[in-house]
A.B. asks: 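Got a structure here, written out as structure tokens. Questions coming.
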Protein chains: 2
Amino acid sequence: MNIQHLIDKGLKLKNYPKDAVIYEPGMQPRFVYFIKSGEVRMITVSDEGKEFIQGVFKTGQYFGEPALLIDRPYLAFTIANKDSQLIVVNKEDFFKLIKNEPDFSMELIRTLSKRLFYKSMMLEELASEKADHRLLTIINYLLGDINVGENLKVTRQELADMTGLRVETVIRGIKILAEKGLIKILKGKIVKL
Amino acid sequence: MNIQHLIDKGLKLKNYPKDAVIYEPGMQPRFVYFIKSGEVRMITVSDEGKEFIQGVFKTGQYFGEPALLIDRPYLAFTIANKDSQLIVVNKEDFFKLIKNEPDFSMELIRTLSKRLFYKSMMLEELASEKADHRLLTIINYLLGDINVGENLKVTRQELADMTGLRVETVIRGIKILAEKGLIKILKGKIVKL
DNA sequence: CCTCAAACATGACCTAGATCATAAATTGGT
DNA sequence: ACCAATTTATGATCTAGGTCATGTTTGAGG
């Protein structure tokens with residue numbers, strides 16, 4: 001189950017420029033989106049305008065299934081982080097995919113499990129832990145994706161939007177974590193060691 | 001795909017008395033648990049001992065798959081809320097179930113999607129909204145499961161453990177919501193109207 | 001190598017909700 | 001119906017982190 005496979009099947013490709021909104025809260029879901037190229041962020045926005053990053057999806061990944069599968073309006077905005085090419089798969093085709101491609105079905109189950117795992121972890125953090133602990137947890141989580149010596153390409157604002165904190169708190173928190181030796185900062189960037 | 005079907009297949013049934021621990025954080029997952037009877041709560045506990053209710057599972061439901069599927073140690077405790085009979089399905093049998101029973105596989109995908117939806121909603125609440133808003137959100141969510149005139153069989157402590165708040169805050173918050181007419185209280189219990 | 005916007009940084013408050021203490025009201029088991 | 005345990009209630013503090021204000025540093029594009 002890969003993107004090329006979907007293209008071969010004649011599914012439509014759609015272009016979204018950076019910052020384009022793919023869907024908004026309240027909309028009834030009709031498609032699942034596979035990312036051929038680019039990157040997308042899924043965010044919820046509170047009444048007071050505070051943003052929370054629910055997830056980031058990159059080339060090769062897909063998004064939008066849960067709402068479609070349980071037939072409930074979207075909760076989040078999905079916005080292109082960069083110019084992106086998405087394969088738009090409608091409901092029937094997506095269901096066919098699940099039915100006829102056992103590998104895809106298994107892969108989907110694993111993907112949903114992984115996301116659930118991440119959300120459970122974050123819920124525990126937001127519900128029970130204080131700023132520094134929260135910060136250290138996402139930082140370590142994000143460091144898992146990169147190699148030793150590399151640094152996190154994430155702004156403090158983004159960390160704030162992933163943890164429910166405010167930038168100032170993230171800035172102060174990161175300094176404390178660095179002082180305690182729990183993370184390593186180089187030129188302002190968090191590096192994996 | 002139902003419980004009887006699993007029993008017919010000769011899968012083992014295990015009894016857990018009220019308050020028995022089914023699994024703990026850090027354990028490597030080996031089984032998926034189907035609830036024949038009883039009820040189970042999944043909770044995470046912070047270093048300072050604060051509990052957070054990740055989910056409650058009832059007769060006919062199952063739990064423990066995500067960690068098993070992605071092969072990561074459990075994050076949570078799972079504890080019997082009442083005396084419970086569980087069908088313990090090992091990894092291979094569970095994978096067979098997914099492969100050979102297309103209906104089950106679809107059902108699982110829907111179940112995971114539903115849980116993901118709930119967790120996304122709660123994450124947004126915990127990250128961005130203040131006490132009263134959070135409270136109103138889970139209350140309305142919980143009211144969705146019962147009939148008009150019935151009341152929520154949930155203590156304020158449990159609401160606290162689902163929202164990351166403290167009992168006192170929940171008690172005060174509920175009073176405010178009732179005063180504003182956003183919920184109805186009868187004999188201390190929240191009723192659906 | 002400039003320039004300007006974005007990203008960091010830091011100090012001085014302020015407030016929602018935690019914490020602590022104490023007591024009244026329900027509930028369930030015998 | 002009674003008693004112990006649990007749950008609800010309320011007032012008095014305290015504090016982590018939000019908010020606001022005002023810099024400084026960094027880095028991408030001309």
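Quick note on labels: first sequence line is chain A, next is B, and so on, each numbered from 1. Here the structure is a predicted model, which means the values were calculated and not measured.
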A.B. asks: Taking NZ, NE, NH1 and NH2 as the nitrogens, is one of them in B:R115 or B:E65 under 4.0 Å from a carboxylate oxygen of the other?
C.D. replies: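 Judged by the 4.0 Å cut-off on N to carboxylate O distance, B:R115 and B:E65 do form a salt bridge.
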A.B. asks: Under 4.0 Å between any heavy atoms, over every strand shown, what does B:G173 touch: base, sugar-phosphate, or nothing? Just pick one.
C.D. replies: nothing
A.B. asks: Which one of A:Y33, A:Y74, A:F31 satisfies the ring-ring contact (aromatic ring centres under 6.0 Å, His included) criterion with A:F63?
C.D. replies: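 Going through the options one by one, the only one that passes is A:Y33.
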A.B. asks: Need to verify one output field. Residue with the more 5' nearest nucleotide on DNA chain D, A:R166 or B:I174?
C.D. replies: B:I174
A.B. asks: How many Å lie between CD on B:E129 and P on C:dG17, as a whole number?
C.D. replies: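 Rounded to whole Å, this separation is 11 Å.
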A.B. asks: Taking only side-chain N and O atoms of B:R172, does any of them lie within less than 4.0 angstrom of OP1 or OP2 on C:dG17?
C.D. replies: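 No, no such contact exists.
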A.B. asks: Among D:dG27, D:dT10, C:dG17, which is the nearest nucleotide to the side chain of A:K187?
C.D. replies: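 The listed nucleotide nearest to A:K187's side chain is D:dG27.
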A.B. asks: Over how many whole Å does the gap from B:I171 atom CD1 to D:dT8 atom C1' extend?
C.D. replies: 5 Å
A.B. asks: May I have the distance from A:L135 (atom CG) to C:dC8 (atom P), rounded to whole angstrom?
C.D. replies: 13 Å
A.B. asks: From CG of B:L186 over to P of D:dT8, roughly how many Å is that when rounded to an integer?
C.D. replies: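 So the two atoms are 15 Å apart, to the nearest Å.
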A.B. asks: Measure NZ/B:K18 against P/D:dT6 and give the value in whole Å, please.
C.D. replies: 10 Å
A.B. asks: Please assess B:E124 against B:S120 for the test side chain to side chain donor-acceptor pair (under 3.5 Å), listing each intermediate value before the final yes or no.
C.D. replies: CA-CA 6 Å; B:E124 153 68 11; B:S120 298; over 6 Å; no
A.B. asks: When you measure from the side chain of A:T155, which nucleotide among C:dC8, D:dT19, C:dG17 comes out closest?
C.D. replies: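 Of the candidates, C:dC8 comes closest.
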A.B. asks: Let me know the distance between NZ of A:K175 and P of D:dG17, rounded to the nearest Å.
C.D. replies: 16 Å
A.B. asks: So, taking the atom named CD in B:Q85 and the one named NZ in B:K14, what distance separates them when rounded to the nearest 0.5 Å?
C.D. replies: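 Taking CD in B:Q85 and NZ in B:K14, the distance rounds to 13.0 Å.
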A.B. asks: Quick one, B:K91 with B:D71, criterion salt bridge (Lys or Arg N to Asp or Glu O under 4.0 Å). Give me CA distance, side-chain angles, the key distance, then yes/no.
C.D. replies: CA-CA 10 Å; B:K91 204 163 170 168; B:D71 207 41; 3.2 Å; yes
A.B. asks: For A:I185 and C:dC8, what is the distance between atoms CD1 and P respectively, to the nearest whole Å?
C.D. replies: 10 Å
A.B. asks: For A:S105 and A:E101, test the side chains for any donor-to-acceptor distance below 3.5 angstrom and give the result as yes or no.
C.D. replies: no
A.B. asks: When you match B:K189 and B:K130 each to their closest nucleotide on DNA chain C, which lands nearer the 5' end?
C.D. replies: B:K130
A.B. asks: Axis-to-axis angle across the helix from C:dC1-D:dG30 to C:dT30-D:dA1, five pairs an end, to 10 degrees?
C.D. replies: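 Axis angle across the helix from C:dC1-D:dG30 to C:dT30-D:dA1, nearest 10°: 60°.
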A.B. asks: A:R134 or B:V154: which one's nearest nucleotide on DNA chain D is closer to the 5' end?
C.D. replies: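 Nearest nucleotide further toward 5': that of B:V154.
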A.B. asks: Whole Å only: how far is the NE2 atom of A:H133 from the P atom of D:dG17?
C.D. replies: 12 Å
A.B. asks: Using a cut-off of 6.0 Å, state whether more than 12 heavy atoms not belonging to A:K153 lie near its atom NZ.
C.D. replies: yes
A.B. asks: Looking only at the side chain of A:E168 (C-beta and beyond, no hydrogens), which of the listed nucleotides D:dG11, D:dA21, C:dT26 gets closest?
C.D. replies: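 Selected nucleotide: D:dA21.
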